[in-house]
Amino acid sequence: MSKRGACTVVVGCQWGDEGKGKIVDVLAETVDIVARYQGGANAGHTVHVGEAEFILHQIPSGILHDGKRCLLGNGVVLDIRQFFEEYDALRERGIDLDGRVGVSYRAQLLLPYHRLMDQVAESSAAASDKIGTTGRGIGPAYEDKAGRRGVRVVDLANPQRLAKRVDVAKSRICERLDELGSGATDALDRAMDEALSLGERLLGLAADTGWELTAALKDGRSVLLEGAQGTALDLDHGTYPFVTSSNTTAAAAATGTGIGPTAIGSVIGVVKAYTTRVGEGPLPTAFEPDMDAHIRELGGEFGATTGRPRRCGWFDSVLARHAAQVNGLTGLAVTKLDVLDTLSELQVAVAYRMPDGSVTEHFPADTWSLSELEPVYETLPGWEAPTGGVTRLEDLPRNARAYLDRMEELTGAPVQWVSVGTRRSQIIPVG
Ligand code: GDP
């Protein structure tokens with residue numbers, strides 16, 4: 001019997017934007033297939049290859065490696081128009097995509113009415129109820145999925161059924177838009193025609209991703225399952241309701257691609273050496289304004305999809321421990337260590353002092369308590385030396401290694417990769 005292939009999940013452990021794209025890009029070199037398991041075009045991975053920058057929204061970052069097969073699993077919500085814009089843009093930049101991209105027959109379609117609903121709902125919500133969505137329709141598309149009104153890739157093969165299902169979902173959303181007083185539905189029919197005219201083309205890429213991945217693993221080929229956003233944005237385990245509308249955590253990698261959970265061998269959690277958050281909702285370890293602006297500039301902390309500035313803060317090991325637990329992390333990939341190179345000292349949150357004075361090391365379920373609690377910090381010395389050129393762990397400054405050791409102790413997951421810059425070569429394998 002041939003040896004089963006390795007199956008690894010890469011998952012974000014903070015509020016997204018941890019640099020998963022870069023880590024997937026590095027690991028993709030060693031695997032045969034990369035698959036996305038949730039999310040939609042709200043996630044943007046930025047990957048640098050030589051001087052070129054690629055921002056990928058729906059197609060897995062593995063696409064930047066010749067010959068790797070890239071799949072979008074059933075757990076994603078797929079915006080057909082945006083998908084093909086991204087697909088064609090990659091092709092124009094010389095990436096050979098023939099036979100390399102597959103889309104699950106079971107993936108949900110994100111249609112123009114979802115996007116419209118998202119934008120109208122968010123702009124008409126009271127300030128305290130805003131979630132800070134990217135306005136790309138992801139939430140409404142997942143609502144339709146859970147409400148069993150969703151339209152799936154496989155429906156594109158049956159025009160009559162497609163028309164019926166689209167009609168039901170669209171009418172419902174248009175009714176709600178009318179209630180909200182939006183007159184923006186006029187352009188919708190044209191947008192729908194444009195999106196659905198690409199249906200045939202999408203069907204040409206459709207695949208049974210669960211079957212394909214399972215067969216590949218049986219055959220000894222290796223697979224990387226790529227999440228979008230991060231653990232704190234998970235619908236169940238994140239800072240509800242300031243979360244995304246899908247499960248971002250590692251268990252969803254099985255559900256969202258159609259493989260069994262026992263096929264997964266390892267789970268790599270990506271954490272920034274500090275913390276950032278875009279959108280609304282509390283950030284317990286937020287920096288003071290000056291430091292916030294300084295790190296945002298140094299780290300280029302502006303959203304890849306929307307350009308929104310990200311709020312920045314110290315590394316929060318309470319959140320990272322929570323992530324280690326819910327994802328069953330087997331290892332950590334620490335990114336953006338280089339961004340902290342100039343600091344003379346660093347703080348790490350090791351626990352939270354709750355509003356009632358008690359101290360806890362557990363991430364609380366009550367999201368609102370996160371804006372009232374005080375992090376308990378530990379101070380570590382900075383290394384005040386550039387790390388961007390370092391390629392071996394032993395060549396990192398002593399204090400940088402001590403910082404990584406402390407991250408490892410506090411999370412209980414071994415550091416396996418350290419990223420010290422945007423380029424592919426700026427990565428330190430550990431162990
Ligand atoms: P993702 O969605 O988790 O892939 O994260 P983003 O792509 O939104 O953000 C990561 C950003 O950080 C991108 O611009 C990357 O090029 C950049 N990046 C990734 N790793 C590193 C690193 O180690 N150092 C620095 N300075 N930038 C990095």
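Keep in mind that the numbers below use all heavy atoms, side chains included, and drop hydrogens, waters and symmetry copies. Whatever order the structure lists them in is the order used to number ligands and atoms, beginning at 1.
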Subject >> Within 6.0 Å of CZ in Arg100, more than 12 heavy atoms from elsewhere >> reply: yes

**OP:** Mind jotting down which residue pairs meet the side chain to side chain donor-acceptor pair (under 3.5 Å) criterion with at least one end in residues 392-404? Sequence neighbours excluded, please.
**Re:** Arg392-Asp395

Subject >> With Asp25, the salt bridge (Lys or Arg N to Asp or Glu O under 4.0 Å) member among Lys20, Arg424, Lys68, Arg423 >> reply: Arg424

Original post:
Gly421 near ligand 1, heavy-atom distance under 4.0 Å?
Top reply: yes

Subject >> Contacting atoms of ligand 1, where contact means under 4.0 angstrom from a heavy atom of Glu18 >> reply: 3 (O), 5 (O)

**OP:** Name all residues meeting the side chain to side chain contact (heavy atoms under 4.5 Å, CB included) criterion together with Ala52; count only those two or more places apart in sequence or in a different chain, and write none if there are none.
**Re:** Phe54, Arg93

**OP:** Decide whether an N or O pair under 3.5 Å exists between Gly19 and ligand 1.
**Re:** yes

Subject >> Other residues, nucleotides, ligands: >12 heavy atoms within 6.0 Å of Glu297 CD >> reply: no

Original post:
Checking Lys272 side chain against Asp17 main chain: does a donor-acceptor pair fall under 3.5 Å?
Top reply: yes

**OP:** Enumerate the atoms of ligand 1 whose separation from the nearest heavy atom of Ser419 is less than 4.0 angstrom.
**Re:** 20 (N), 21 (C), 22 (C), 23 (O)

Subject >> Arg201, CZ atom: more than 12 neighbouring heavy atoms under 6.0 Å >> reply: yes

**OP:** Please find out if less than 6.0 Å separates the ring center of Trp314 from that of Tyr274.
**Re:** no

Subject >> ligand 1 versus Asp338: contacting region, heavy-atom distance under 4.0 Å >> reply: side chain

**OP:** Consider ligand 1: state whether an atom of it lies below 4.0 angstrom from any non-hydrogen atom of Glu301.
**Re:** no

Original post:
Which is closest to atom 4 (O) of ligand 1 in terms of heavy atoms, Gly230, Gly299, Gly21?
Top reply: Gly21

Original post:
Does ligand 1 have a heavy atom under 4.0 Å from the side chain of His48, from its backbone, from both, or from neither?
Top reply: side chain

Original post:
Hey, looking at atom 3 (O) of ligand 1, which of Gln14, Lys20, Glu226 has the closest heavy atom?
Top reply: Lys20

Subject >> ligand 1 contact on Gln229 by region, counting heavy-atom pairs under 4.0 Å >> reply: neither

Subject >> Arg423, Lys336, Lys22: member with heavy atom nearest to atom 17 (C) of ligand 1 >> reply: Lys336

